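Taking it in order: structure first as C-alpha coordinates, then the write-up.
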Amino acid sequence: MMETIISVNNLDKSYGKHQVLFDFNLKVKRGECLGVVGPNGAGKTTLLECIEGLRKWQKGEIIIEGRTIEENPKYLRSIMGVQLQSSSLPDEIKVKEAIELFAVEHNVTINEKLLDELDVKNLVNQQYGKLSTGQKRRLHLLLAILHDPEIIILDEPTAGLDVNTKYLLYLKINELKESGKTILLTSHDMYEVENLCDRVAFLENGRVGKEITKDSILDQDKQIIVVSTKKQSLKNVDMMYSTLIEEKEAELFFECSNISACLKELLEHLNSKDDEIIDLYIKKKTVEEELTKMMRGEGK
(Lines give C-alpha, C1' and ligand atoms only; values in the text may rest on other atoms or scores of the structure.)
Protein backbone atom coordinates (compact mmCIF):
# COMPACT_ATOMS: atom_id res chain seq x y z
CA MET A 1 0.00 0.00 0.00
CA MET A 2 1.35 3.42 -0.98
CA GLU A 3 2.06 5.82 1.86
CA THR A 4 0.43 9.23 2.17
CA ILE A 5 2.66 12.10 1.10
CA ILE A 6 0.12 14.96 1.37
CA SER A 7 -2.62 15.12 3.97
CA VAL A 8 -5.19 17.93 4.06
CA ASN A 9 -7.05 17.80 7.37
CA ASN A 10 -10.26 19.66 8.29
CA LEU A 11 -9.39 22.71 6.22
CA ASP A 12 -11.59 25.81 6.23
CA LYS A 13 -10.76 28.61 3.79
CA SER A 14 -12.71 31.82 3.32
CA TYR A 15 -12.24 35.04 1.37
CA GLY A 16 -13.89 37.53 3.68
CA LYS A 17 -17.43 36.27 4.29
CA HIS A 18 -17.29 33.87 1.33
CA GLN A 19 -16.25 30.38 2.46
CA VAL A 20 -14.67 28.26 -0.28
CA LEU A 21 -13.47 25.12 1.55
CA PHE A 22 -15.54 23.52 4.31
CA ASP A 23 -13.85 21.13 6.79
CA PHE A 24 -11.95 19.79 3.77
CA ASN A 25 -10.10 16.46 3.91
CA LEU A 26 -7.94 14.84 1.25
CA LYS A 27 -5.02 12.41 1.20
CA VAL A 28 -2.58 12.06 -1.69
CA LYS A 29 -0.52 8.88 -2.00
CA ARG A 30 3.14 8.89 -2.93
CA GLY A 31 3.65 8.20 -6.62
CA GLU A 32 0.05 8.67 -7.75
CA CYS A 33 -1.43 11.18 -10.16
CA LEU A 34 -4.51 12.61 -8.48
CA GLY A 35 -6.99 14.58 -10.53
CA VAL A 36 -8.95 17.32 -8.77
CA VAL A 37 -12.07 18.16 -10.76
CA GLY A 38 -15.37 19.93 -10.28
CA PRO A 39 -17.45 22.85 -11.52
CA ASN A 40 -16.18 26.42 -11.49
CA GLY A 41 -16.15 27.78 -7.95
CA ALA A 42 -15.85 24.34 -6.32
CA GLY A 43 -12.52 25.31 -4.68
CA LYS A 44 -10.00 23.47 -6.89
CA THR A 45 -7.50 26.28 -7.41
CA THR A 46 -7.89 27.49 -3.83
CA LEU A 47 -7.08 23.98 -2.57
CA LEU A 48 -3.94 23.78 -4.70
CA GLU A 49 -2.82 27.26 -3.67
CA CYS A 50 -3.17 26.27 -0.01
CA ILE A 51 -1.09 23.13 -0.59
CA GLU A 52 1.49 25.22 -2.45
CA GLY A 53 1.71 27.59 0.52
CA LEU A 54 0.37 30.56 -1.47
CA ARG A 55 -2.82 30.92 0.57
CA LYS A 56 -3.48 31.07 4.30
CA TRP A 57 -6.51 29.29 5.72
CA GLN A 58 -8.61 29.76 8.82
CA LYS A 59 -8.74 26.24 10.27
CA GLY A 60 -7.10 22.85 9.81
CA GLU A 61 -3.64 21.74 8.67
CA ILE A 62 -1.75 20.53 5.63
CA ILE A 63 1.00 17.98 6.20
CA ILE A 64 3.52 17.24 3.44
CA GLU A 65 6.20 14.59 3.91
CA GLY A 66 5.37 14.53 7.62
CA ARG A 67 5.78 18.28 8.09
CA THR A 68 3.33 21.14 8.16
CA ILE A 69 3.87 23.93 5.65
CA GLU A 70 4.66 26.35 8.49
CA GLU A 71 7.40 24.12 9.90
CA ASN A 72 9.80 24.25 6.98
CA PRO A 73 8.59 26.18 3.93
CA LYS A 74 12.06 26.18 2.34
CA TYR A 75 12.24 22.38 2.42
CA LEU A 76 8.75 22.07 0.97
CA ARG A 77 9.64 24.43 -1.89
CA SER A 78 12.62 22.21 -2.66
CA ILE A 79 10.47 19.09 -3.11
CA MET A 80 7.53 20.76 -4.88
CA GLY A 81 7.20 22.00 -8.45
CA VAL A 82 4.23 24.16 -9.41
CA GLN A 83 2.66 25.17 -12.71
CA LEU A 84 0.01 27.74 -11.88
CA GLN A 85 -3.11 28.25 -13.99
CA SER A 86 -2.13 31.89 -14.48
CA SER A 87 1.68 31.60 -14.43
CA SER A 88 3.44 34.64 -15.80
CA LEU A 89 6.91 36.13 -16.13
CA PRO A 90 8.05 39.67 -17.09
CA ASP A 91 7.53 40.19 -20.82
CA GLU A 92 11.10 41.42 -21.34
CA ILE A 93 12.86 38.46 -19.73
CA LYS A 94 14.47 36.02 -22.14
CA VAL A 95 13.68 32.33 -21.83
CA LYS A 96 17.29 31.42 -21.04
CA GLU A 97 17.35 34.09 -18.31
CA ALA A 98 14.21 32.66 -16.72
CA ILE A 99 15.66 29.15 -16.79
CA GLU A 100 18.97 30.33 -15.32
CA LEU A 101 17.13 32.25 -12.60
CA PHE A 102 15.15 29.18 -11.54
CA ALA A 103 18.28 27.02 -11.66
CA VAL A 104 20.10 29.41 -9.31
CA GLU A 105 17.08 29.59 -7.00
CA HIS A 106 17.06 25.80 -6.62
CA ASN A 107 20.86 25.40 -6.83
CA VAL A 108 20.70 22.93 -9.73
CA THR A 109 22.39 22.63 -13.11
CA ILE A 110 20.24 23.06 -16.21
CA ASN A 111 19.17 19.76 -17.74
CA GLU A 112 19.67 20.26 -21.49
CA LYS A 113 17.75 17.04 -22.22
CA LEU A 114 14.69 18.54 -20.55
CA LEU A 115 14.85 21.54 -22.88
CA ASP A 116 14.81 19.17 -25.84
CA GLU A 117 11.97 17.04 -24.47
CA LEU A 118 9.73 20.06 -23.99
CA ASP A 119 10.84 21.71 -27.24
CA VAL A 120 12.16 24.80 -25.47
CA LYS A 121 15.77 24.88 -26.65
CA ASN A 122 14.90 26.83 -29.81
CA LEU A 123 13.16 29.48 -27.67
CA VAL A 124 16.02 30.37 -25.30
CA ASN A 125 16.85 33.71 -26.96
CA GLN A 126 13.24 34.87 -27.26
CA GLN A 127 11.52 37.23 -24.86
CA TYR A 128 8.76 35.74 -22.73
CA GLY A 129 6.18 38.29 -23.90
CA LYS A 130 6.61 37.19 -27.53
CA LEU A 131 5.95 33.49 -26.87
CA SER A 132 2.70 31.81 -27.89
CA THR A 133 0.41 30.29 -25.25
CA GLY A 134 1.72 26.80 -26.01
CA GLN A 135 5.34 27.92 -25.79
CA LYS A 136 4.67 29.58 -22.44
CA ARG A 137 2.98 26.45 -21.07
CA ARG A 138 5.95 24.30 -22.10
CA LEU A 139 8.32 26.75 -20.43
CA HIS A 140 6.22 26.85 -17.25
CA LEU A 141 6.25 23.05 -17.00
CA LEU A 142 10.02 23.04 -17.54
CA LEU A 143 10.51 25.60 -14.74
CA ALA A 144 8.24 23.58 -12.45
CA ILE A 145 10.27 20.39 -12.84
CA LEU A 146 13.75 21.85 -13.39
CA HIS A 147 14.84 20.91 -9.84
CA ASP A 148 13.46 17.34 -10.12
CA PRO A 149 10.79 17.76 -7.40
CA GLU A 150 9.01 14.83 -5.75
CA ILE A 151 5.63 16.58 -5.87
CA ILE A 152 4.35 18.33 -9.01
CA ILE A 153 1.20 20.48 -9.04
CA LEU A 154 -0.37 21.30 -12.41
CA ASP A 155 -3.36 23.65 -12.55
CA GLU A 156 -5.07 23.36 -15.96
CA PRO A 157 -1.72 22.58 -17.67
CA THR A 158 -3.11 22.18 -21.21
CA ALA A 159 -6.05 24.59 -21.27
CA GLY A 160 -6.36 26.30 -24.64
CA LEU A 161 -3.49 24.40 -26.25
CA ASP A 162 -3.38 22.88 -29.72
CA VAL A 163 -3.39 19.11 -30.13
CA ASN A 164 0.35 18.81 -30.81
CA THR A 165 1.35 20.79 -27.72
CA LYS A 166 -1.13 18.84 -25.58
CA TYR A 167 0.36 15.58 -26.81
CA LEU A 168 3.88 16.75 -25.98
CA LEU A 169 2.84 17.68 -22.43
CA TYR A 170 0.93 14.41 -22.00
CA LEU A 171 4.09 12.48 -22.90
CA LYS A 172 6.12 14.38 -20.31
CA ILE A 173 3.50 14.08 -17.57
CA ASN A 174 3.23 10.33 -18.16
CA GLU A 175 7.01 10.06 -18.03
CA LEU A 176 7.00 11.89 -14.68
CA LYS A 177 4.33 9.47 -13.40
CA GLU A 178 6.36 6.45 -14.45
CA SER A 179 9.42 7.85 -12.65
CA GLY A 180 7.46 7.81 -9.37
CA LYS A 181 6.60 11.49 -9.03
CA THR A 182 3.46 12.51 -7.12
CA ILE A 183 1.25 14.69 -9.31
CA LEU A 184 -1.80 16.81 -8.50
CA LEU A 185 -3.68 17.88 -11.60
CA THR A 186 -6.75 20.03 -12.17
CA SER A 187 -8.49 20.07 -15.53
CA HIS A 188 -11.88 20.59 -17.16
CA ASP A 189 -10.88 18.15 -19.90
CA MET A 190 -12.35 14.83 -18.79
CA TYR A 191 -10.47 12.90 -21.48
CA GLU A 192 -7.25 14.35 -20.11
CA VAL A 193 -8.15 13.41 -16.53
CA GLU A 194 -9.06 9.85 -17.50
CA ASN A 195 -5.85 9.28 -19.42
CA LEU A 196 -3.43 10.92 -16.96
CA CYS A 197 -4.86 10.30 -13.49
CA ASP A 198 -4.86 7.18 -11.30
CA ARG A 199 -7.53 8.58 -8.99
CA VAL A 200 -9.97 11.49 -9.19
CA ALA A 201 -11.41 13.65 -6.40
CA PHE A 202 -14.62 15.40 -7.47
CA LEU A 203 -15.13 18.68 -5.59
CA GLU A 204 -18.49 20.30 -5.05
CA ASN A 205 -19.52 22.99 -2.60
CA GLY A 206 -16.07 23.14 -1.04
CA ARG A 207 -15.80 19.45 -0.18
CA VAL A 208 -14.85 16.16 -1.83
CA GLY A 209 -18.18 14.90 -3.13
CA LYS A 210 -16.85 11.63 -4.51
CA GLU A 211 -13.58 9.84 -5.24
CA ILE A 212 -13.21 7.36 -8.08
CA THR A 213 -10.41 5.30 -9.58
CA LYS A 214 -10.03 3.75 -13.00
CA ASP A 215 -10.36 0.33 -11.40
CA SER A 216 -13.61 1.24 -9.67
CA ILE A 217 -15.16 2.19 -13.01
CA LEU A 218 -13.48 -0.03 -15.56
CA ASP A 219 -13.51 -3.22 -13.48
CA GLN A 220 -17.21 -3.05 -12.75
CA ASP A 221 -19.13 -6.06 -14.00
CA LYS A 222 -21.85 -3.81 -15.41
CA GLN A 223 -21.73 -2.98 -19.10
CA ILE A 224 -23.90 -0.95 -21.43
CA ILE A 225 -25.93 -2.24 -24.34
CA VAL A 226 -26.87 0.48 -26.82
CA VAL A 227 -29.74 -0.37 -29.15
CA SER A 228 -31.98 1.38 -31.64
CA THR A 229 -35.02 -0.25 -33.27
CA LYS A 230 -37.59 0.60 -35.91
CA LYS A 231 -40.63 0.78 -33.61
CA GLN A 232 -38.80 1.88 -30.43
CA SER A 233 -40.78 -0.75 -28.53
CA LEU A 234 -38.19 -0.98 -25.73
CA LYS A 235 -39.20 2.34 -24.18
CA ASN A 236 -41.01 2.24 -20.84
CA VAL A 237 -40.62 -1.53 -20.49
CA ASP A 238 -39.71 -3.20 -17.20
CA MET A 239 -36.84 -5.65 -17.67
CA MET A 240 -35.45 -8.22 -15.25
CA TYR A 241 -31.81 -8.17 -16.37
CA SER A 242 -31.38 -4.67 -17.78
CA THR A 243 -32.11 -1.09 -16.77
CA LEU A 244 -32.69 1.80 -19.15
CA ILE A 245 -30.31 4.53 -17.97
CA GLU A 246 -30.16 6.96 -20.89
CA GLU A 247 -31.83 7.87 -24.16
CA LYS A 248 -30.13 9.79 -26.96
CA GLU A 249 -32.28 10.42 -30.00
CA ALA A 250 -33.07 6.91 -31.34
CA GLU A 251 -30.53 5.11 -29.12
CA LEU A 252 -31.46 3.49 -25.80
CA PHE A 253 -28.73 2.71 -23.25
CA PHE A 254 -29.34 -0.34 -21.05
CA GLU A 255 -27.10 -1.17 -18.09
CA CYS A 256 -26.69 -4.84 -17.25
CA SER A 257 -24.48 -7.28 -15.34
CA ASN A 258 -25.18 -10.40 -17.39
CA ILE A 259 -24.76 -9.59 -21.08
CA SER A 260 -26.14 -12.90 -22.33
CA ALA A 261 -29.28 -12.74 -20.18
CA CYS A 262 -29.78 -9.08 -21.05
CA LEU A 263 -29.48 -9.66 -24.80
CA LYS A 264 -31.86 -12.64 -24.64
CA GLU A 265 -34.41 -10.58 -22.73
CA LEU A 266 -34.21 -7.65 -25.16
CA LEU A 267 -34.46 -9.88 -28.23
CA GLU A 268 -37.44 -11.77 -26.83
CA HIS A 269 -39.25 -8.50 -26.22
CA LEU A 270 -38.46 -7.23 -29.72
CA ASN A 271 -39.74 -10.45 -31.27
CA SER A 272 -42.95 -10.25 -29.27
CA LYS A 273 -43.54 -6.71 -30.58
CA ASP A 274 -42.48 -7.54 -34.16
CA ASP A 275 -39.78 -4.88 -33.85
CA GLU A 276 -36.46 -4.90 -35.75
CA ILE A 277 -32.98 -3.84 -34.65
CA ILE A 278 -31.42 -0.95 -36.55
CA ASP A 279 -28.17 -0.92 -34.56
CA LEU A 280 -26.81 -2.61 -31.43
CA TYR A 281 -23.43 -2.49 -29.71
CA ILE A 282 -21.90 -3.14 -26.28
CA LYS A 283 -19.68 -0.66 -24.46
CA LYS A 284 -17.92 -0.46 -21.11
CA LYS A 285 -18.24 2.49 -18.77
CA THR A 286 -15.41 5.01 -18.80
CA VAL A 287 -14.05 7.38 -16.19
CA GLU A 288 -14.65 10.24 -18.64
CA GLU A 289 -18.37 9.43 -18.80
CA GLU A 290 -18.70 9.23 -15.02
CA LEU A 291 -16.88 12.53 -14.53
CA THR A 292 -18.93 14.24 -17.22
CA LYS A 293 -22.11 13.13 -15.45
CA MET A 294 -20.80 14.60 -12.19
CA MET A 295 -19.93 17.87 -13.91
CA ARG A 296 -23.52 18.00 -15.18
CA GLY A 297 -24.84 17.33 -11.67
CA GLU A 298 -25.81 13.71 -12.40
CA GLY A 299 -24.71 10.43 -10.91
CA LYS A 300 -24.41 11.58 -7.32
Side-chain angles (χ1 to χ4, degrees), residues 2-15 20-21 24-34 36 43-90 93-115 117-118 120 124 128 136-157 172-173 175-177 179-186 201:
M2 290 188 292
E3 65 177 304
T4 297
I5 189 171
I6 301 174
S7 184
V8 182
N9 303 318
N10 308 114
L11 208 70
D12 280 357
K13 169 61 185 172
S14 300
Y15 297 100
V20 178
L21 300 177
F24 191 95
N25 292 277
L26 182 69
K27 295 189 184 303
V28 184
K29 299 173 184 176
R30 186 184 300 277
E32 77 170 334
C33 181
L34 174 66
V36 179
K44 303 183 298 295
T45 295
T46 293
L47 170 66
L48 295 192
E49 289 178 346
C50 287
I51 294 173
E52 294 155 4
L54 299 177
R55 298 282 182 189
K56 296 294 184 180
W57 53 90
Q58 286 73 39
K59 189 198 81 172
E61 64 178 1
I62 298 176
I63 299 174
I64 303 175
E65 284 278 33
R67 315 180 189 198
T68 65
I69 291 176
E70 295 84 359
E71 281 182 64
N72 196 335
K74 185 175 180 180
Y75 168 74
L76 294 179
R77 283 197 298 272
S78 73
I79 65 167
M80 187 181 294
V82 177
Q83 181 182 2
L84 299 173
Q85 184 176 351
S86 56
S87 298
S88 184
L89 294 167
I93 194 171
K94 288 187 177 180
V95 169
K96 65 179 180 181
E97 294 171 339
I99 296 172
E100 289 167 355
L101 182 64
F102 274 68
V104 170
E105 168 67 19
H106 291 288
N107 192 29
V108 296
T109 57
I110 298 171
N111 185 344
E112 296 293 332
K113 181 183 176 184
L114 194 59
L115 272 66
E117 290 174 343
L118 290 172
V120 172
V124 293
Y128 177 81
K136 288 178 179 178
R137 290 289 175 84
R138 298 202 307 271
L139 173 61
H140 294 158
L141 179 57
L142 184 146
L143 297 177
I145 63 177
L146 189 64
H147 58 298
D148 194 28
E150 287 300 311
I151 300 168
I152 301 165
I153 299 179
L154 307 172
D155 195 353
E156 298 282 353
K172 190 59 190 177
I173 293 169
E175 181 186 314
L176 292 167
K177 280 177 55 181
S179 69
K181 305 299 184 185
T182 303
I183 301 173
L184 272 75
L185 168 76
T186 69

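From a predicted model like this one, the values you see are computed outputs, not experimental measurements. Just so it is clear, the values below take in all heavy atoms, side chains as well, and ignore hydrogens, waters and symmetry mates.
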Check whether any side-chain N or O of T68 sits under 3.5 Å from a backbone N or O of I62 as a donor-acceptor pair, and report yes or no. no
Answer whether the closest heavy-atom distance between the side chains of [X] and [Y] falls below 4.5 Å.
X    : Y    : result
L184 : I6   : yes
N10  : N25  : yes
I69  : W57  : yes
V95  : V120 : yes

Show the atom names and distances, to 0.1 Å, of all donor-acceptor pairs under 3.5 Å that link a side chain in residues 44-51 to residues at least two apart or in another chain.
{"from": "K44", "atom 1": "NZ", "to": "G38", "atom 2": "O", "distance (Å)": "2.9"}
{"from": "K44", "atom 1": "NZ", "to": "P39", "atom 2": "O", "distance (Å)": "3.1"}
{"from": "T45", "atom 1": "OG1", "to": "Q85", "atom 2": "OE1", "distance (Å)": "3.3"}
{"from": "T45", "atom 1": "OG1", "to": "D155", "atom 2": "OD2", "distance (Å)": "3.1"}
{"from": "T46", "atom 1": "OG1", "to": "Y15", "atom 2": "OH", "distance (Å)": "3.0"}
{"from": "E49", "atom 1": "OE1", "to": "R55", "atom 2": "NE", "distance (Å)": "2.7"}
{"from": "E49", "atom 1": "OE1", "to": "R55", "atom 2": "NH2", "distance (Å)": "3.4"}

First locate atom [atom1] of [X], then atom [atom2] of [Y], and finally report the distance between them rounded to the nearest 0.5 Å.
X    : Y    : atom1 : atom2 : result
L146 : T109 : CG    : OG1   : 8.5 Å
L185 : I153 : CG    : CD1   : 11.0 Å
L176 : L154 : CG    : CG    : 8.0 Å
K94  : L89  : NZ    : CG    : 15.0 Å
I151 : I183 : CD1   : CD1   : 11.5 Å
Q58  : L11  : CD    : CG    : 8.5 Å

Name all residues meeting the ring-ring contact (aromatic ring centres under 6.0 Å, His included) criterion together with Y128; count only those two or more places apart in sequence or in a different chain, and write none if there are none. H140
Over all atoms of both residues, closest heavy-atom pair of [X] and [Y]:
X    : Y    : answer
L34  : A201 : CD1-N, 4.0 Å
L118 : R138 : O-NE, 2.8 Å
I99  : L143 : CA-CD2, 3.9 Å
G81  : P149 : N-CB, 3.5 Å
E100 : I110 : CG-CD1, 3.9 Å
K177 : C33  : CD-CB, 3.8 Å

List for me each residue that meets side-chain hydrogen bond (donor to acceptor under 3.5 Å, both in side chains) alongside [X], sequence neighbours excluded, and say none if there are none.
X    : value
E117 : K172
S7   : N9, K27
E52  : none

Passes side-chain contact (heavy atoms from CB on, under 4.5 Å), I145 versus L114? Steps please. CA-CA 9 Å; I145 63 177; L114 194 59; 3.8 Å; yes
Thinking salt bridges, do K181 and E150 make one under a 4.0 Å N-O criterion? yes
Verdict with supporting geometry, L54 and V82, side-chain contact (heavy atoms from CB on, under 4.5 Å): CA-CA 11 Å; L54 299 177; V82 177; 5.5 Å; no
Candidate pair I79 and I64, rule side-chain contact (heavy atoms from CB on, under 4.5 Å), full reasoning: CA-CA 10 Å; I79 65 167; I64 303 175; 4.2 Å; yes
Among pairs that include at least one residue of residues 56-72, which meet salt bridge (Lys or Arg N to Asp or Glu O under 4.0 Å), considering only residues two or more places apart or in two chains? D12-K59, D23-K59, R30-E65
